[in-house]
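We name chains A, B, ... by the order of the sequence lines, and we start the count at 1 in each one.
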Amino acid sequence: MIDPKLLRDNIDYIKELLQKRNMAGAIDLDALKRIDDERRAAIAKTGELRETRNRVSKEIGGRKSKGEDAAALMKEMEGVNAGIKDLDALQESLNTQFNDILLSLPNVLDSSVPEGKDENDNKVVRYWGEKPKFDFEPKPHFDIGAELNILDFERGVKLAGARFYVYRGLAARLERAIINFMLDLHTTEHGYTEIFAPFIVNDDSMIGTGQYPKFKDEYYRIERDGLSLIPTAEVPLTNLYRDEILEKEQLPLYVTMQSSCFRREAGSAGKDTRGLVRVHQFQKVELVKFVEPETSFDELEKLVANAEEVLRRLNIHYRVVLLCSGDVSASSAKTYDIEVWMPGLDRYVEISSCSNFLDYQARRARIRYRRAKGEKPALVHTLNGSGLAAGRTLAAVMENYQTADGAITIPDVLRPYMK
RNA sequence: GGAGAGAUGCCAGAGCGGUUGAAUGGGGCGGUCUCGAAAACCGUUGAGGGGUUUCCCCUCCGAGGGUUCGAAUCCCUCUCUCUCCGCCA
């Protein structure tokens, strides 16, 4: 969440922000301000009453221990206690309202984010490599996979339904190789520590990274246990340090983890219905950073470079896109997408999304660090990015490395992993 | 799933219902001593929030309710952890 003080000091800034994010009118800021004012008034008033209660109760204790009469004082406390009770109830109701709205407010935007309505206004910041030339008509990965009998969508449907798939033989092995290659690259060359954590998390975790409460429809939740299947390893990784105070020396802290990711893909009916591009379960290697605030934008550039390096070593053409204000996710202040070239689909496909969340997630999840001994803890900045989505990487390898006879050449960097 | 035990500050570990935000020990930090270090001794060391913001106040002893003028201490519910049994990749 954003700093509540911003609401008091500069409400126009937030109004403008919502405008840029195409969210104007979605949130009643004036009502929120009113609730906050009432809320703080109630806090101040109960504070006074409690102070009275503490003082008088001590007085009562003192008199009783001396055997003196305290009946008058006890009588006096009845009114005070009734007042506290009423104000507590009011405060609780106001706090709930306030937090609900606050949690659904999006993050601030960095000034470098271009203004725009939707993905058409995103800015391409660079291209790497070139589109490969084929002396035949390149096929989409799902056709290649069907012909080689390594991607089985029919049986995926039989087992779990639409948008599920089965890998057989080479595809299963190739994806495993891709994941291992990516993890090794990030841990041995980019300084990330490999983590393995649960794929199922509690609501506090989902709130911490911003999935809940606003976007509940997009995830699988096991109601009976109050747990959710993670849509990305960002959730367990970022929440590793929820409710903790880190030492300055621990920063910057880089972690990576491979996981399956589960998404309902609500609202994307009819989109990317074939193949591996949009499915309910896919594997991904995620990169997460905890850093000092001053460094977070530099760290974002390095994070994108770490993700790009995967495609460079695979020698696959891609471009990097800076998302515009209307397309950046609610939690993020600035996001770069890496889009890989898919010759069979004849378009670029998002394969990584790298974001700087500033203190938005850290405030929700209470992830702090000690700037200097004796000082109050400060919020860290968190970042994350895919490094990369494994299923889409598999599809990209299949399409870019396909041969005229319908086979796939294994990229050099993956060969050690295919022995 | 069955039976039992427990949940207190960075850690360990006390805490007749009243002045306990919390004894004591350890650790950390600062100091004395020392050529330096160790030892010893002295001091200091949680977080969140509100305000009339060099200071004052409120809240927090797993979470949520309740009893009471007053709860870390009493009652209820929940969660989690540990031990034993059962089951099991």
Side-chain angles (χ1 to χ4, degrees), chain A residues 1-9 32-103 196-208 212 221-228 236 239-251 260 359-380:
Chain A
M1 64 181 104
I2 57 166
D3 189 343
K5 289 198 179 76
L6 209 52
L7 199 65
R8 291 176 219 164
D9 303 339
L32 184 61
K33 177 107 166 65
R34 208 162 50 239
I35 292 167
D36 186 37
D37 290 343
E38 288 175 30
R39 188 182 133 263
R40 281 182 302 129
I43 289 170
K45 190 74 191 142
T46 35
E48 284 172 31
L49 289 179
R50 277 185 213 277
E51 195 271 331
T52 304
R53 179 169 80 181
N54 291 344
R55 191 162 33 76
V56 177
S57 288
K58 278 185 185 177
E59 178 65 21
I60 292 171
R63 289 199 188 184
K64 284 201 165 182
S65 67
K66 284 186 235 159
E68 296 171 10
D69 178 59
L73 287 175
M74 285 165 73
K75 187 84 181 167
E76 185 191 324
M77 293 302 288
E78 283 175 20
V80 174
N81 274 332
I84 290 176
K85 202 164 193 174
D86 290 348
L87 279 170
D88 270 350
L90 175 66
Q91 215 189 106
E92 194 188 319
S93 142
L94 289 169
N95 273 338
T96 306
Q97 294 177 49
F98 183 69
N99 285 329
D100 283 355
I101 302 177
L102 199 63
L103 281 173
F196 194 84
F199 291 9
I200 304 176
V201 299
N202 56 28
D203 288 349
D204 283 347
S205 298
M206 292 291 273
I207 290 169
Y212 289 170
R221 186 166 187 279
I222 306 164
E223 292 300 329
R224 182 176 164 173
D225 302 294
L227 298 170
S228 299
N239 279 284
L240 278 177
Y241 298 104
R242 173 156 48 80
D243 286 312
E244 292 194 28
I245 299 171
L246 300 167
E247 295 305 322
K248 184 186 169 81
E249 295 70 40
Q250 289 177 266
L251 304 181
S260 290
D359 60 14
Y360 187 87
Q361 293 181 325
R363 184 173 290 106
R364 287 174 161 249
R366 297 165 300 279
I367 307 168
R368 294 168 294 171
Y369 79 109
R370 189 121 17 217
R371 279 181 175 280
K373 47 179 181 278
E375 268 188 46
K376 287 260 181 192
L379 295 166
V380 301

When you get a sec, tell me which of [options] is the closest nucleotide to the side chain of [X]?
{"X": "A/Ile43", "options": "B/U19, B/G49, B/G65", "answer": "B/G49"}
{"X": "A/Arg50", "options": "B/G65, B/G18, B/U59", "answer": "B/U59"}
{"X": "A/Pro377", "options": "B/A47, B/G51, B/C69", "answer": "B/A47"}
{"X": "A/Lys58", "options": "B/U19, B/U59, B/C69", "answer": "B/U19"}
{"X": "A/Arg370", "options": "B/G18, B/C58, B/A47", "answer": "B/A47"}
{"X": "A/Ser57", "options": "B/C58, B/G18, B/G48", "answer": "B/G18"}
{"X": "A/Lys376", "options": "B/C57, B/G48, B/C69", "answer": "B/G48"}
{"X": "A/Ile60", "options": "B/G18, B/G50, B/C58", "answer": "B/G18"}

For atom [atom1], what is the distance between [N] and [M], given to the nearest Å?
{"N": "B/G62", "M": "B/U73", "atom1": "C1'", "value": "16 Å"}
{"N": "B/A7", "M": "B/G64", "atom1": "C1'", "value": "15 Å"}
{"N": "B/A14", "M": "B/C87", "atom1": "C1'", "value": "40 Å"}
{"N": "B/A72", "M": "B/G18", "atom1": "C1'", "value": "13 Å"}
{"N": "B/G26", "M": "B/C42", "atom1": "P", "value": "11 Å"}
{"N": "B/A39", "M": "B/G46", "atom1": "P", "value": "24 Å"}

**Request:** Return yes if a side-chain donor-acceptor contact under 3.5 Å exists between A/Asn202 and A/Ser205, otherwise no.
**Result:** yes
Rounded distance (Å) that lies between atom [atom2] of [N] and atom [atom1] of [X]:
{"X": "A/Met74", "N": "B/U68", "atom1": "CE", "atom2": "C1'", "value": "8 Å"}
{"X": "A/Arg366", "N": "B/A47", "atom1": "CZ", "atom2": "P", "value": "16 Å"}
{"X": "A/Gln250", "N": "B/C10", "atom1": "CD", "atom2": "C1'", "value": "13 Å"}
{"X": "A/Asn81", "N": "B/G66", "atom1": "CG", "atom2": "C1'", "value": "14 Å"}

**Request:** Indicate yes or no: at least one non-hydrogen side-chain atom of A/Asp36 is less than 4.5 angstrom from one of A/Arg8.
**Result:** yes
**Request:** Evaluate the side-chain proximity of A/Arg50 to A/Asp88: yes if any heavy-atom separation is below 4.5 Å, no if none is.
**Result:** yes
Watson-Crick or G-U wobble mate for [N], both contacts under 3.5 Å:
{"N": "B/U83", "answer": "B/A3"}
{"N": "B/G27", "answer": "B/U45"}
{"N": "B/C69", "answer": "B/G18"}
{"N": "B/U32", "answer": "B/A40"}
{"N": "B/U53", "answer": "none"}

Are [X] and [Y] ion-paired here, with the side-chain N under 4.0 Å from a carboxylate O?
{"X": "A/Asp9", "Y": "A/Lys5", "result": "no"}
{"X": "A/Arg55", "Y": "A/Glu59", "result": "no"}
{"X": "A/Asp86", "Y": "A/Lys45", "result": "no"}

**Prompt:** When all nucleic acid strands are considered with a 4.0 Å heavy-atom cut-off, which category describes A/Arg39: base, sugar-phosphate, or nothing?
**Reply:** nothing
**Request:** Remember a base hit wins even if backbone is also touched, and classify A/Arg363 as base, sugar-phosphate or nothing at under 4.0 Å, heavy atoms.
**Result:** nothing
**Message:** Once side-chain hydrogen bond (donor to acceptor under 3.5 Å, both in side chains) is applied, do any residues pair with A/Asp3, and if so which ones, sequence neighbours excluded?
**Reply:** none
**Asked** When the nearest nucleotide of RNA chain B is assigned to A/Leu73 and to A/Gly62 on a heavy-atom basis, which residue is associated with the more 5' position?
**Response** A/Gly62
**Prompt:** Where each residue is assigned the nucleotide of RNA chain B containing its nearest heavy atom, which of A/Lys85 and A/Met77 is assigned the position nearer the 5′ end?
**Reply:** A/Lys85
